[in-house]
Amino acid sequence: MRINKCLDSAARAVADIHDGASVMIGGFGEAGSPIELIHALIDQGAKDLTVISNNTGSGRVGLAALIAAGRVRKMICSYPRSANSTVFPELYRQGRIELELTPQGTLAERIRAGGAGIPAFYTAAAVGTVLATGKEVRRFDGREFVLEPGLRADFALVKAQRGDPYGNLVYHKTARNFGPIMCMAARITIVQVSELVAPGGLDPETVITPGIFVQRLVVVAQPAQESRLVKEGRSYP
Amino acid sequence: MRINKCLDSAARAVADIHDGASVMIGGFGEAGSPIELIHALIDQGAKDLTVISNNTGSGRVGLAALIAAGRVRKMICSYPRSANSTVFPELYRQGRIELELTPQGTLAERIRAGGAGIPAFYTAAAVGTVLATGKEVRRFDGREFVLEPGLRADFALVKAQRGDPYGNLVYHKTARNFGPIMCMAARITIVQVSELVAPGGLDPETVITPGIFVQRLVVVAQPAQESRLVKEGRSYP
Amino acid sequence: MKTAPAAAGWTREQMAQRAAADIPAGAYVNLGIGIPELVAQFTGVDAGVIFQTENGLLGMGPAPAPGHEDPELINAGKKAVTAIPGAAYFHHADSFAMIRGGHIDICVLGAMQVSAAGDLANWSTGEADAIPAVGGAMDLVAGVKRVFVLTEHTTKTGVPKIVSACTYPLTGRKVVDRIYTNLAVIQVTPAGLVVRELAPGISLEVLQQHTGAPLRLAATVPDNSPGAAS
Amino acid sequence: MKTAPAAAGWTREQMAQRAAADIPAGAYVNLGIGIPELVAQFTGVDAGVIFQTENGLLGMGPAPAPGHEDPELINAGKKAVTAIPGAAYFHHADSFAMIRGGHIDICVLGAMQVSAAGDLANWSTGEADAIPAVGGAMDLVAGVKRVFVLTEHTTKTGVPKIVSACTYPLTGRKVVDRIYTNLAVIQVTPAGLVVRELAPGISLEVLQQHTGAPLRLAATVPDNSPGAAS
């Protein structure tokens, strides 16, 4: 009867992601990108997705493959182009994918606010730029700020280093990035970990994501490295 | 030339706290209360302080002693009464100290917002209650929220478990409470640690407060336990 | 059948047990100070329930053995507690992100008054010389998915705590889902208060006499009368 | 003295070194992608300077030795880096709390255009088929205490990057403090652009020819002429 959030496959973990769902996908470039969960989502077939992720992937694997498969209706991100990123730019120029561009810190804070029950907050980022177009501007202490809404999603796909059956997580170096806040902001958070430990196997002082923010856990012991797959010219499926 | 934020005494660390300063003081009850820094502040003599702290101390030591010494003009807190708390209630009934009562989660988020450069945010806490009186109420997705301002301070006094010369900190169990966010929200953050380690002595994956948020560090190897002092009937000075 | 202030019903432990029985496996639960703390005796990690305390701990365990208290491992009532294997510590803003963000499934709180609409008053008498102290109550009722109130049915002097409209300052409007008292289990519904269960020996009439708002009986109510098979 | 597109001045390394010299001990610094990355070669932890990278690391060290790269220890430009002893990792919201909250002392950024008022454009050409990508630039210029721009003085085709008013979409208004180019060090002041230093062999006249906004010389400017004692 104890809580155990582990599932035996990525396929089962993503089985109920529905057409039209909003999906947060962790990672900054390849660091922290849950590539096996993304591939399971490609296999699963859900379409018309709104994907919230800092980048748009590279090559034709992982997030780029999901976009290439035509499953993503809209991207909410801060940096949709990078080295080896061709899939998104092509579809975008063809008008086949929508883009909501958000400054990176605003994106992170919107996700954190969504997870923290804050419907909106003010930030100075983007004031006086085209990215503030149409947004409420308000003055505090003589300085201008824009109102930004919190961001939630139906699902989050996140990669972590180690987890326990309650969903407690620790991450690896700069692969932490958007993981902890996306875990907070989704209705169903699905995490792939390289290693599973028993409850008590993580020092409670060092847990980065408390288990309450995680609904499903899958072990992927040897996650693929996106940049290596890209180098090898691989594509998924 | 490397950064070293350590000072050799609590007295030196608090020397420039000026009359009229706003001071955040960490702790939830006695857990995390920086009692030696507070006593150094009593010795130092600054008055007309605005103190931001969840409680108002107990007995006649620590925060309660600072209040008893007549140095605090105003308290911003969520829970100004507790077991063995008599100093604040007496002064409050006599009209000799001001109180800004804030729900605990709103207090925490206001401090975090202050530290994160967010001038204001919306929360549902206190909607429809007297604590929302005079506050802007706004509807998002059909639900009412109140606007709350971020909170910053001139100084923060915080207790942590271990630190390094760069100011990186880890805490002890539930003594963490307001420490990490107060470190972020003050112009000058002063921390007492039980133990000092060399740079690299803390695992970078487990640092709770990155050193950038800390300006001064003092080692207090054996901090006093407030409840024991209260039990012994001690008062400061 | 008794009618007057002497109506006894369930003990505090039985009240807590009754509330615990309604907490499903998988739930994350925050327990208020007082009678709600007793709930932890009747459910917990083995039943798939994890307790959060808003001062920064998910996976709160029972009180430590005497002599093993750590003054820096406490609950929101500032009492010494323990941490279960699989616990996590975090700071106050993260803790209330959990609460405000709707991640806690149930909180069990004490009450000074609950109204028929589910308004809760549990933080201040509003008297001029009272020291107002709200703590995390307003954040909890605004953020937690379901709010259970666990309280004696009346004050010590027999004044109803369940009322048509609260006279004390509110903690939150329309926030209470269910009320567990020594006399009954009552559901707050859009159509008013519905009695789901009566303590042994307590009739609806007696309950109504001790209640300041109209009650009606649910379609099915378990038979808790003293003579019923248990 | 040369006048035309051939004005050379400082090398990229010298530009970075010149900017590094203005970073005081105790500073927390964020370095943008491109020439700004070179600044780390001329200052660092031994000079009391700590680098932050917005993807979640305070205490960024130099690139690892070949073969020791960790694809999950990277900087904002997605290049492999190392962490110094005394580093700390954190998530993106905490990282931008650091940036937005005014805790970073200096950021050094590249530029497409800088205006006389200190407006910066460094994220988009605004062309119809360009893929707009802003990253953390808008958060950095809004939150960091002082913004240094480190850039070639003109585009490859000799078009001035320092202009009266930016024609590209802005990253932020009135955000730049100082501009380090291959030709000069220029301070943005309320009264316009003030030249604090000229690269060897560059006169104010030549500099002005390559600049799209009026310049004036600071009261004291170090003598960097080729013949001067060094």
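None of these values were measured; they are calculated from a predicted model. First the proteins, then the strands, lettered A, B, ... as listed; each starts at 1.
Chosen from A:Ala185, A:Gly117, A:Ala116, the residue pairing most often with chain C at heavy-atom distances under 4.5 Å is A:Ala116. With respect to chain C, the highest number of heavy-atom pairs below 4.5 Å among A:Gly114, A:Ala198, A:Gly200, A:Pro204 belongs to A:Pro204. Among A:Asn168, A:Asp164, A:Thr209, A:Asp203, the residue with the largest count of heavy-atom pairs under 4.5 Å with chain C is A:Asn168.
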So C:Gln52 and A:Ile212, side chain to side chain contact (heavy atoms under 4.5 Å, CB included) or not? Walk me through it. CA-CA 10 Å; C:Gln52 192 249 23; A:Ile212 194 170; 5.7 Å; no
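The minimum heavy-atom distance linking C:Ala97 with A:Met184 is given by the pair CB-CE, 3.7 Å. In terms of heavy-atom proximity, A:Pro210 sits nearest to C:Leu58 at CB-CD2, 3.8 Å.
Annotation: side chain of C:Asp46 is not in contact with side chain of A:Met1 (no heavy-atom distance under 4.5 Å). The closest side-chain heavy-atom distance from A:Tyr166 to C:Ile84 is below 4.5 Å.
Other residues, nucleotides and ligands contribute more than 12 heavy atoms inside 6.0 Å of the NZ atom of A:Lys135.
Neither the backbone nor the side chain of C:Ala142 comes within contact range of chain A; no heavy atoms are under 4.5 Å apart. With a 4.5 angstrom heavy-atom cutoff, C:Ala47 touches chain A only via backbone atoms.
The main-chain N or O of A:Phe213 is never found under 3.5 Å from a side-chain atom of C:His103 such that the two would form a donor-acceptor pair.
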